[in-house]
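Working notes for the structure below.
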Number of protein chains: 2
Amino acid sequence: MNIGDAAEASGLPPKTIRYYEEIGLLQPDRRGNNYRDYSGSHIHSLRFLARARSLGFSIEDCRQLLSLYGDRCRASADVKAIARGHIEEIDRKIGELEQMRATLSALVDACHGDARPDCPILEGLAG
Amino acid sequence: MNIGDAAEASGLPPKTIRYYEEIGLLQPDRRGNNYRDYSGSHIHSLRFLARARSLGFSIEDCRQLLSLYGDRCRASADVKAIARGHIEEIDRKIGELEQMRATLSALVDACHGDARPDCPILEGLAG
DNA sequence: AATAAAGGTTCCAGCAACTGGAAGTTCAAG
DNA sequence: CTTGAACTTCCAGTTGCTGGAACCTTTATT
């Protein structure tokens, strides 16, 4: 299967798939014409990667998850630990964003937002 | 005022301050020895930038906000529009993260997380 | 059979917003 | 006078791709 079809099948752009190969996430076979050749299990891995990335896992997390995915003797505890760590990270980010949102939205509410130059938002930023 | 003191006064690292200069956010004076020289109003701008960045405004947003901040004839509506746009962006990000969190946390809850290889998280990622 | 279009290949550059490090001034203290 | 801190510039690396150039192979059309 050519990279274009692999892209179609996995939902990842060809560029991204080549990039994943470059950083050693996934090594496809090569055909006589030097074209990459993706098997069913490659496609499976690509879809796995696509989902893991869409859930916000870092590339390094993905590397570990993929390795655990391919390890028939893995302990589910290892996977769970990575996922838990990632949830904590997500919670941290959500917290930060909500903090920003609250501050910002207080400033926006205080601003009349018309043609006059007086502006509580800028004043708030100026401190 | 030297860059080290400006860093101290603004809370931004010297590297960041130089970077802001490089991208044209803020032009300090130069002394005879080629050292950068920051005035009170420079410090004010740096603190403004530090706060705006900590609220998640992009550098380009900051550039506009800083320009509005320095414009005595600005309309507060312009500022409010930028801030509103940014809040929307924050809301979008929060939404995405919460979506991820929900999916991920369902997977984590389904995973027994012990020494056995059976793992709903990996199965979920595999699709 | 010739050719054009589509899809493959490599490599290099760039995005955001810094950050680290090297190599070379200049300044302040003892 | 020397040591060390703080300053200068420039280049490389971070994360995770993405765009483009230059070239090769396959496929479709004439």
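All chains are named by letter (A, B, ...) in the order of the sequence lines, taking the proteins before the strands, and each is independently numbered beginning at 1. All of these numbers come straight from a predicted model, not from anything done at the bench.
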Could you tell me how far apart [X] ([atom1]) and [N] ([atom2]) are, to the nearest whole angstrom?
X      : N       : atom1 : atom2 : result
N2(B)  : dA5(D)  : CG    : C1'   : 12 Å
L12(A) : dG16(D) : CG    : C1'   : 12 Å
E89(A) : dT15(D) : CD    : P     : 13 Å
D29(A) : dG8(C)  : CG    : P     : 16 Å
I3(B)  : dT9(D)  : CD1   : P     : 9 Å
L26(A) : dC17(D) : CG    : C1'   : 16 Å
E8(B)  : dA6(D)  : CD    : P     : 10 Å
E22(B) : dT9(D)  : CD    : C1'   : 10 Å

Taking OP1 and OP2 of [N], is either one under 4.0 Å from a side-chain nitrogen or oxygen of [X]?
X      : N       : answer
Y20(A) : dG16(D) : no
T16(A) : dT18(D) : yes
R36(A) : dT9(C)  : yes

(request) Please report the shortest heavy-atom distance between Y38(B) and R36(B), naming the atom on each side. (result)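 Looking at all heavy atoms of both residues, the closest pair is OH-CD, 3.1 Å.
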(request) Identify the heavy atoms of S10(A) and A50(A) that sit nearest to each other, and give their distance. (result)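 Answer, listing the atom of S10(A) first, then A50(A): O-CB, 3.9 Å.
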(request) Look at the side chain of K15(B) against the base of dG21(C) and say whether a donor-acceptor pair falls under 3.5 Å; ignore hydrogens and angles. (result)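 Between dG21(C) and K15(B), which were checked side chain against base, a qualifying N/O pair under 3.5 Å is present.
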Ion pair present between [X] and [Y], side-chain N to carboxylate O less than 4.0 angstrom?
X       : Y       : value
E98(A)  : R92(A)  : no
R63(B)  : E60(B)  : yes
D118(A) : R116(A) : no
R101(A) : D91(B)  : yes
E21(B)  : R30(B)  : yes

(message) Does R31(A) reach a base, just sugar-phosphate, or nothing at all? Heavy atoms under 4.0 Å.
(response)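 Nothing: the residue R31(A), judged by heavy atoms under 4.0 Å, touches no strand.
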(request) Quick one: label I23(A) by what it contacts on the DNA or RNA (base, sugar-phosphate, nothing), any heavy atom closer than 4.0 Å. (result)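 No contact.
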(request) Check every atom of dT19(C), dT18(D), dT9(D) against the side chain of P13(B) and return the nucleotide holding the closest atom. (result)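 Per side-chain heavy atoms of P13(B), the pick is dT19(C).
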(request) Compare the minimum distances between each of dC18(C), dC17(D), dT9(C) and the side chain of Y19(A), then state the nucleotide with the smallest one. (result)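 Closest of the options to the side chain of Y19(A): dC17(D).
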(request) Mind running side chain to side chain contact (heavy atoms under 4.5 Å, CB included) on L66(A) and S45(A) for me, showing each step along the way? (result) CA-CA 7 Å; L66(A) 200 55; S45(A) 294; 4.2 Å; yes
(request) Determine, for nucleotides 22-27 of chain D in 5'-to-3' order, which nucleotides have protein heavy atoms under 4.0 Å from the base (write B), from only the sugar-phosphate (write S), or from neither (write -). (result) ---BS-
(message) For a side chain to side chain contact (heavy atoms under 4.5 Å, CB included) check, start with the C-alpha distance between E123(A) and L107(A), then their side-chain angles and the critical distance, and finish with the verdict.
(response) CA-CA 9 Å; E123(A) 282 157 26; L107(A) 290 175; over 6 Å; no
(request) Could you identify which residues of residues 38-70 of chain B place a heavy atom less than 4.0 Å from some atom of DNA chain C, listed by residue number, or say none? (result)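 Heavy-atom contacts with DNA chain C come from R53(B), S58(B), I59(B).
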(message) Please tell me whether H44(B) and Y69(B) have a donor and an acceptor in their side chains that are separated by less than 3.5 angstrom.
(response)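 Present: a donor and an acceptor within the cut-off.
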